[in-house]
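For ligands, and for the atoms within them, numbers begin at 1 and follow the listed sequence.
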Amino acid sequence: MKKLWGGRFTGFGDKWIEEFNASIQFDKELVFEDIKGSLAHAKMLAKQGILTNEEFQLIEGGLKTLQTKAENNELEFYLQYEDIHLNLEKQLTELIGPVGGKLHTARSRNDQVATDVHLYVVRNIDELIEKVTGLQKALFNIASDNIYTIIPGYTHLQRAQPISYAHHFMAYFWMLERDKNRLVDCKKRANISPLGSGALAGTTFNIDNAFTASTLGFDGNYENSIDGVSDRDFVLELLSGLCIMQMHLSRLCEEIILWSSNEFNFIELDDTYSTGSSIMPQKKNPDVAELVRGKTGRVYGNLISLLTTMKGLPLAYNKDMQEDKEPLFDSVQTMQNCLFALTGCIATAKVKKEELAVKVSEDFSNATEVADYLASKGIPFREAHEITGKIVLYCIQNNKFLKDMTMDEYLSFDNNFKEDIYEVIKPEVAVERRNSLGGTSFEQVKLQLEKAEKLLK
Ligand code: ARG
């Protein structure tokens, strides 16, 4: 089979090696980016007089036909044409004749593929931002519905202090806000055009790089053609950002899994986001949350994979860099899926408000209130802590909670206790009184929600 780059070669043969070299199996994902890049390049060539107007019309028409075919899923791709760039060029030439071969004037596959990947990254950042916002909205809605729902807050997975359910979920909202900002940042650096770098050294033709850049919606051009074709740091930056975001999702999923268990019983997942067991009829498994947590592995792996591929590559392009695509596509697709699945899972989960109300009234997560109470009477906090610890131990030994202690019992530990202690240790009062900036008080939570709402608009 004659190759598009076959001039210098005499023997072609091995099918297996051909397949090993090829990237069309996965880089067909770039079909629209590649056509878009070619259209801009052809337009520039015509503007510069490198293509005649007639040649340009033919090429443009051909590319648009290919685009329509691609949209209708009618384009076929062939392994022997190696990659998306050569597949499209081949089909263009079949459509419009040898003039199709003029499209590649003043261009190399090296700057072509770099352009495609930049366009792909930028487009997907926009889509990812939209999906993150969707998840944030789901979190925001649950929080708005549950300002006054109180749950035990945890440290070390041990009950620590009562908090507003809304406060807990809004913590994830702000994590996602930073994740989103990381994407926005990444886009600033990714949105520059390598087109015109040629193979590595630029081109002898009188091209207009700024024109192709602006036609493609880029903010500018690479300052250095070698950098333009050699670099994949914009991909790595996206993959790093996705790792951090996936880590956040995984933590949220871990809580969904715990919270929907019998042991916690904080929430009930909708049937859509759960599955049964093939043997145990009582089971309702949180599969979707588990899968999102599980997919964190491949997202981390993709980053390490590309970091390792790029490490030690001499400038400029090396075929190793063809290995950038699968990790990139996989992480982007995985992230999109996870964000989508989790949004539905969260939005449809039922919060077990009655059960939660019982839980917080039957634990020691209000012990800090007793210590703070004594400290506010002038007792050094360390001592107040010690006294409260003894009270908790006494309660445990006598099978009661702080609310069940009589006034005499309190007074036997310290004579600063007054009747108002019973008010102070109520979970809702404990929450309400944590009114420091960013704290869990209802007032602070409402402030958070107001800020969040503005961001969502
Ligand atoms: N399929 C190649 C890649 O993805 C395109 C660039 C090939 N360039 C070359 N000189 N062989 O990296």
Contacts satisfying side chain to side chain donor-acceptor pair (under 3.5 Å) that involve residues 19-36 (not counting sequence neighbours) are S23-D27, S23-Q322, E33-R123, D34-H85, D34-Q112
Residue shell for ligand 1, any heavy atom closer than 4.0 Å, reads S23, D27, D83, H85, R109, N110, V113, Y317, Q322, K325
With sequence neighbours left out, the residues meeting salt bridge (Lys or Arg N to Asp or Glu O under 4.0 Å) with K180 are E177
**Asked** Between N124 and Y120, is there a donor-acceptor pair closer than 3.5 Å when you use the side chain of the first and the backbone of the second?
**Response** yes
For residues 250-260, the side chain to side chain donor-acceptor pair (under 3.5 Å) pairs (sequence neighbours left out) are H168-E255, Y172-E255, E254-R293
Looking at the rings of Y148 and F442, which for Trp means the six-membered one, are their centres under 6.0 Å apart?
yes
Q. Which of parallel (below 30°), tilted (30 to 60°) and perpendicular (above 60°) describes H118 and F218?
A. perpendicular
